[in-house]
Visitor: 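Please find one structure pasted underneath; my questions will follow.
Atoms within a ligand are numbered from 1 in the order they appear, just like the ligands themselves.
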Amino acid sequence: MSSSVLVTGGAGYIGSVTVERLLTADCRVVVLDNLSKGHRSAVPTDVPFVSGDIGDIELVSGLLREHEVDSVIHFAAMSLVGESMEKPAEYYDNNVVRGSRLLSAMSAAGVSKIVFSSSAGVYGEPASVPILETARTEPVNVYGDTKRVFERVLEWQASATGLRHISLRYFNAAGASSDCGEDHSPESHLIPIALQAAAGTRSGLTVFGNDYDTPDGTCIRDYIDVRDLSDAHIAALKALDEGRSGIYNLGNGEGASVLDVIETAEAVSGKKVPWEYGPRREGDPARLVASARLAEEELGWQPLHPDLSDMIGAAWEWMQRFPDGYPD
Ligand code: UDP
């Protein structure tokens, strides 16, 4: 596939793995990241890298023209459920206002294809699982709402300008490629926290709530390998080229509880994960499990690493190689 792609947030977790996959697919790539969360060293040095903000219309339209970009993959966003409940205005500003400015810059530069990182968070507390894309969207946290609102911005922008857009609703990204992995500071995601607790680099983990309506009382999530997620972006670019727009869930259709994840982290690492129950975290739905049949049918995408121990194993290996995460 020979195209030129702008990846916003390409220094982040899913963005950096997607950059790797795009390079393998022979795409030309330019990364825009403000490095508020991402890591410069997660992006290969031979990939053009611009440190800047998606809301800077002049900067973005300029680089779209300079690099003759055909399509944008838009990851750059604030993405923590807990934090979003504490900083709603910042989340809407980053994820909706500045995202809309990115669309203005695309329009100014004549770029009309975008793949957007959406989230299972748009569904809120689903009426039933697995969740189809046609399910009601009633987000129960600010983060999920920013993603749903931006999906609507895309739809309206498409009717006004002919933009083609694919929103990928990720369930829970997990795992690592050999060179790129999950390194947030502070870390708030379950799998890296469990593995750090196993490695002894953190004292333990708190399980947020044990009174959910699930078999073991802890929240159920659909963990999806970051390599599979990244491949879905390449499939989405092809679909955009074929004239398609749409919304697709990306998950495995399998749920794992917080306790399942802890047990798997212990099995993979061969070490104990010290943990205790704590109160619920605000904004957490009990169960999020995807039906990704539409992505299989229309994008020709299928997860190649559906096994939770494979994902946690890849994350563990990455952590062994980079015990302190990225150098920067
Ligand atoms: N979780 C937990 N303890 C932690 C971090 C997460 O019990 O220290 C739970 C969280 O409440 C959720 C699940 O693990 O039910 C996955 O959370 P994560 O933050 O990894 O992803 P999210 O579902 O928020 O995207």
Side-chain angles (χ1 to χ4, degrees), residues 9 12-14 37 75 77-87 91 95 117-126 129-131 139-148 168-176 181-199 201-226 229 249-252 254-266 273-290 308 311-312 314-316 318-319:
Y13 171 42
I14 309 172
K37 293 271 161 55
F75 291 101
M78 294 174 82
S79 62
L80 303 176
V81 168
E83 184 184 60
S84 77
M85 302 302 281
E86 287 155 18
K87 301 177 179 170
Y91 268 68
N95 296 2
S117 296
S118 189
S119 165
V122 301
Y123 294 112
E125 196 67 67
V129 294
I131 306 171
V140 292
N141 56 58
V142 171
Y143 168 64
D145 197 48
T146 63
K147 292 291 177 179
R148 182 63 192 122
L168 299 175
R169 291 179 175 168
Y170 312 152
F171 283 60
N172 284 61
E182 198 164 7
D183 177 10
H184 302 108
S185 180
E187 188 52 76
S188 69
H189 292 97
L190 178 62
I191 291 177
I193 285 180
L195 293 178
Q196 286 166 1
T201 54
R202 81 162 59 223
S203 56
L205 106 81
T206 304
V207 173
F208 297 143
N210 62 344
D211 56 351
Y212 286 96
D213 182 18
T214 60
D216 66 19
T218 68
C219 288
I220 290 181
R221 294 288 179 273
D222 183 340
Y223 293 90
I224 170 88
D225 195 289
V226 67
L229 272 188
N249 287 340
L250 298 178
N252 281 305
E254 293 285 334
S257 72
V258 177
L259 298 188
D260 292 334
V261 169
I262 293 174
E263 199 178 300
T264 311
E266 288 184 333
V273 174
W275 63 272
E276 60 183 9
Y277 285 123
R280 288 183 176 202
R281 183 176 70 177
E282 204 187 342
D284 267 340
R287 234 180 246 260
L288 289 172
V289 179
L308 185 62
M311 294 173 221
I312 297 185
W316 179 248
W318 191 80
M319 201 181 271

Visitor: Name the closest protein heavy atom to atom 3 (N) of ligand 1, giving the residue it belongs to and the distance to 0.1 Å.
Guide: Thr206 O, 2.8 Å
Visitor: Could you tell me whether Glu125 atom CD has more than 12 heavy atoms of other residues or ligands within 6.0 Å of it?
Guide: yes
Visitor: Of all the heavy-atom pairs spanning Ala265 and Ala194, show the shortest one and how long it is.
Guide: CB-CB, 4.0 Å
Visitor: Check each atom of ligand 1 against the heavy atoms of Ser188 and keep those under 4.0 Å away; list them by number with element.
Guide: 5 (C), 19 (O)
Visitor: Tell me: protein heavy atom nearest atom 15 (O) of ligand 1, and distance?
Guide: Cys219 CB, 3.0 Å
Visitor: Which heavy atom of Val142 sits nearest a heavy atom of Tyr91, and at what distance?
Guide: CG1-CB, 3.8 Å
Visitor: Counting only heavy atoms, tell me which of Arg221, Arg202, Arg281 gets closest to atom 24 (O) of ligand 1.
Guide: Arg281
Visitor: Closest non-hydrogen protein atom to atom 11 (O) of ligand 1, residue and atom name please, with distance?
Guide: Asp284 OD2, 2.5 Å
Visitor: Compare Leu259, Val81, Val207, Leu190 and give the one whose heavy atom is closest to atom 6 (C) of ligand 1.
Guide: Leu190
Visitor: Closer than 4.0 Å to some heavy atom of Ile193 - which atoms of ligand 1 meet that?
Guide: 8 (O)
Visitor: Checking contacts here: is it the side chain or the backbone of Tyr223 that comes within 4.0 Å of ligand 1, counting heavy atoms only? Could be both or neither.
Guide: side chain
Visitor: Got the closest protein heavy atom to atom 21 (O) of ligand 1, with its distance?
Guide: Asn172 ND2, 3.1 Å
Visitor: Have a look at ligand 1 and work out which part of Val261, if any, has a heavy atom under 4.0 Å from it: side chain, backbone, both or neither.
Guide: neither
Visitor: Do Tyr223 and Asp260 have side-chain atoms, one donor and one acceptor, less than 3.5 Å apart?
Guide: no
Visitor: State whether the number of non-hydrogen atoms from other residues, nucleotides or ligands found under 6.0 Å of Glu254 atom CD is greater than 12.
Guide: no
Visitor: Output yes when a side-chain donor or acceptor of Glu187 lies under 3.5 Å from a complementary backbone atom of His184, and no otherwise.
Guide: yes
Visitor: Can a cation-pi geometry be assigned to Arg287 and Tyr212, taking NZ or CZ under 6.0 Å from the six-membered ring centre and within 45° of the ring axis?
Guide: no
Visitor: Is there a polar contact between ligand 1 and Phe208, counting only N or O atoms under 3.5 Å apart?
Guide: yes
